[in-house]
Amino acid sequence: MADPYSTLGVAKGASEAEIKTAYRKLAKQLHPDKNKDNPKASEKFSEVTRAYDILSDKTKRAQFDRGEIDGDGNPAMPFGYGGGGGGGFRGDQRSGPGGFSGFGNEGADFGDIFEGLFGRGGGAAAGGGFGGFGGRSAPPPKGANVAYRLSVSFIDAATQAPQRITLADGSTIDLKLPAGVESGTQMRLAGKGQPGPGGTGDGIVTIMVKDHPFFERDGANIRLDLPVTLDEAVKGAKVKVPTVDGPVMLSIPAGSSSGKVMRLKGKGFSQKGGERGDQLVRLMVDLPADNAALSALLGDWTDSRAVRADLGV
């Protein structure tokens with residue numbers, strides 16, 4: 001049986017942060033988009049996702065630690081599920097039929113014995129299995145959760161664009177991405193899992209954010225290297241710059257060098273506080289190769305500044 005702690009490679013006493021870090025690392029390594037020719041990686045990715053679903057949920061983690069559910073989140077009932085009717089071990093019934101009802105008039109208190117083994121309140125007052133022992137029956141288990149993976153474009157993740165996902169039953173549902181979404185973020189769809197005696201399980205959607213050809217994420221900010229011509233850098237210019245919200249105009253100061261970083265406020269990723277990060281634009285002066293006109297224009301002029309002095313050379 002799968003052990004979610006072993007699957008994620010964490011100790012049983014691992015903190016929530018340690019569990020989340022381990023999951024993100026494995027999810028990034030095993031994501032199907034990066035292992036298209038490796039079906040075993042896809043299977044392992046599903047196992048890792050199921051393990052994280054259990055350990056990231058305080059209730060499920062406690063249930064697993066107590067042996068109430070297995071590594072797949074299914075109920076584990078080694079002694080049968082209690083219910084109405086007689087039979088089985090009825091516990092501390094010192095007179096009357098059924099079960100172990102006492103030894104003479106000194107009836108053995110099996111309630112105390114099994115409370116020491118299983119904890120108080122483990123069975124039904126009059127039911128099958130190990131019913132009784134002075135407690136209430138455990139609530140019937142919900143159905144199993146269903147895991148989904150949703151690949152989201154970089155721009156959609158940054159702008160929280162609505163997403164549509166198809167569920168196991170063929171129906172579709174529109175999702176609003178949470179602020180601060182990143183690869184490994186999970187969304188819970190209440191009641192979209194499998195049916196069970198205690199209600200329907202949930203759908204667990206794991207988000208994977210795709211890379212972008214020229215945008216790069218830096219926390220809540222977005223970085224972009226912007227090519228500019230020599231005359232734009234020397235004289236200054238207004239140029240069009242791509243952002244996740246569409247192109248905007250950026251004023252480049254005269255005398256700008258390669259590496260100069262300019263900030264576009266509010267053009268980054270949405271954050272949980274309601275604000276957005278910025279876009280950081282790094283200017284990259286792009287010189288033409290073997291341009292005779294440029295060489296003639298410079299003539300014998302040379303820049304005599306010690307531009308590498310700060311590097312000790």
Side-chain angles (χ1 to χ4, degrees), residues 24 27-28 31 33-34 149-165 174-185 187 205-298 301-303 305-311:
R24 287 181 175 174
K28 187 174 183 179
H31 190 266
D33 287 348
K34 295 185 177 181
R149 292 193 301 270
L150 178 63
S151 292
V152 178
S153 73
F154 186 97
I155 292 177
D156 282 356
T159 59
Q160 294 182 273
Q163 304 293 307
R164 177 165 294 182
I165 187 171
D174 290 332
L175 301 179
K176 177 177 174 57
L177 296 175
V181 64
E182 59 186 351
S183 289
T185 294
M187 300 179 65
V205 182
T206 301
I207 307 296
M208 302 305 297
V209 180
K210 299 177 182 178
D211 292 333
H212 194 274
F214 47 82
F215 291 132
E216 182 178 348
R217 185 169 185 172
D218 182 6
N221 296 328
I222 295 174
R223 292 188 176 273
L224 169 72
D225 285 346
L226 181 71
V228 295
T229 63
L230 179 61
D231 60 294
E232 289 172 338
V234 172
K235 300 176 183 177
K238 288 188 176 182
V239 299
K240 188 178 291 186
V241 179
T243 76
V244 293
D245 297 312
V248 299
M249 298 303 295
L250 175 67
S251 295
I252 299 176
S256 294
S257 301
S258 278
K260 180 180 179 64
V261 176
M262 305 187 69
R263 185 181 297 268
L264 295 174
K265 297 285 291 183
K267 295 298 182 181
F269 271 74
S270 299
Q271 301 180 75
K272 293 181 179 179
E275 299 179 349
R276 286 181 62 177
D278 303 328
Q279 180 167 314
L280 305 177
V281 181
R282 182 170 64 171
L283 304 181
M284 305 297 291
V285 179
D286 191 336
L287 295 177
D290 300 326
N291 187 285
L294 179 59
S295 297
L297 179 63
L298 291 175
W301 180 83
T302 58
D303 190 340
R305 294 176 302 147
V307 295
R308 288 172 290 279
D310 290 342
L311 304 178

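If you're wondering where the values come from, they're calculated on a predicted model, not measured in any experiment.
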Any pair with a residue in residues 275-297 that passes ring-ring contact (aromatic ring centres under 6.0 Å, His included), sequence neighbours left out, goes on the list, sorted by first then second residue, please.
none

If a pair satisfies ring-ring contact (aromatic ring centres under 6.0 Å, His included) and one of its residues is in residues 223-273, list it, with sequence neighbours excluded.
Phe154-Phe269

Should we say atom CD of Glu275 is surrounded by more than 12 heavy atoms from elsewhere, each under 6.0 Å from it?
no

Hey, are the side chains of Val152 and Val181 touching, using non-hydrogen atoms and a 4.5 Å cut-off?
no

Separation between CG (Leu298) and CG (Leu230), nearest 0.5 Å, reads 8.0 Å

Pairwise side chain to side chain donor-acceptor pair (under 3.5 Å) hits with a residue in residues 251-266, at least two apart:
Arg263-Asp278

With sequence neighbours left out, the residues meeting salt bridge (Lys or Arg N to Asp or Glu O under 4.0 Å) with Arg308 are none

The complete set of side chain to side chain donor-acceptor pair (under 3.5 Å) pairs with one or both residues in residues 229-250, sequence neighbours excluded, reads Thr229-Asp231, Thr229-Glu232, Asp245-Arg276

How close do Ala27 and Met208 get, counting heavy atoms only, and between which atoms?
O-CE, 4.1 Å

Residue pairs passing the side chain to side chain donor-acceptor pair (under 3.5 Å) test where at least one lies in residues 174-185, sequence neighbours excluded
Arg24-Glu182, Arg164-Asp174

Interatomic distance, OG@Ser151 vs CD@Gln163, rounded to 0.5 Å, equals 10.0 Å

For residues 237-261, pull every pair meeting ring-ring contact (aromatic ring centres under 6.0 Å, His included), keeping only residues two or more places apart or in separate chains.
none

Among residues at least two apart in sequence or on other chains, which ones pass ring-ring contact (aromatic ring centres under 6.0 Å, His included) with Phe215?
His212

In chain order, what residues pass the salt bridge (Lys or Arg N to Asp or Glu O under 4.0 Å) check against Asp310, with sequence neighbours excluded?
none

Scan for salt bridge (charged side-chain N to carboxylate O under 4.0 Å, His left out) pairs involving residues 206-218, sequence neighbours excluded, and state none if there are none.
Asp218-Arg223

Applying ring-ring contact (aromatic ring centres under 6.0 Å, His included), which residue pairs with at least one partner in residues 226-249 are found, sequence neighbours left out?
none

Step by step, work out the side chain to side chain contact (heavy atoms under 4.5 Å, CB included) result for Leu224 and Leu264.
CA-CA 11 Å; Leu224 169 72; Leu264 295 174; over 6 Å; no

Give me the atom names and distance for the closest heavy-atom approach of Asp156 to Leu177.
O-CD1, 3.7 Å

Validation: residues 279-289 side-chain donor-acceptor distances under 3.5 Å, sequence neighbours left out:
{"residue": "Gln279", "atom": "NE2", "partner": "Pro242", "partner atom": "O", "Å": "2.9"}
{"residue": "Arg282", "atom": "NE", "partner": "Asp225", "partner atom": "OD1", "Å": "2.8"}
{"residue": "Arg282", "atom": "NH2", "partner": "Asp225", "partner atom": "OD1", "Å": "3.1"}
{"residue": "Arg282", "atom": "NH2", "partner": "Asp225", "partner atom": "OD2", "Å": "2.9"}

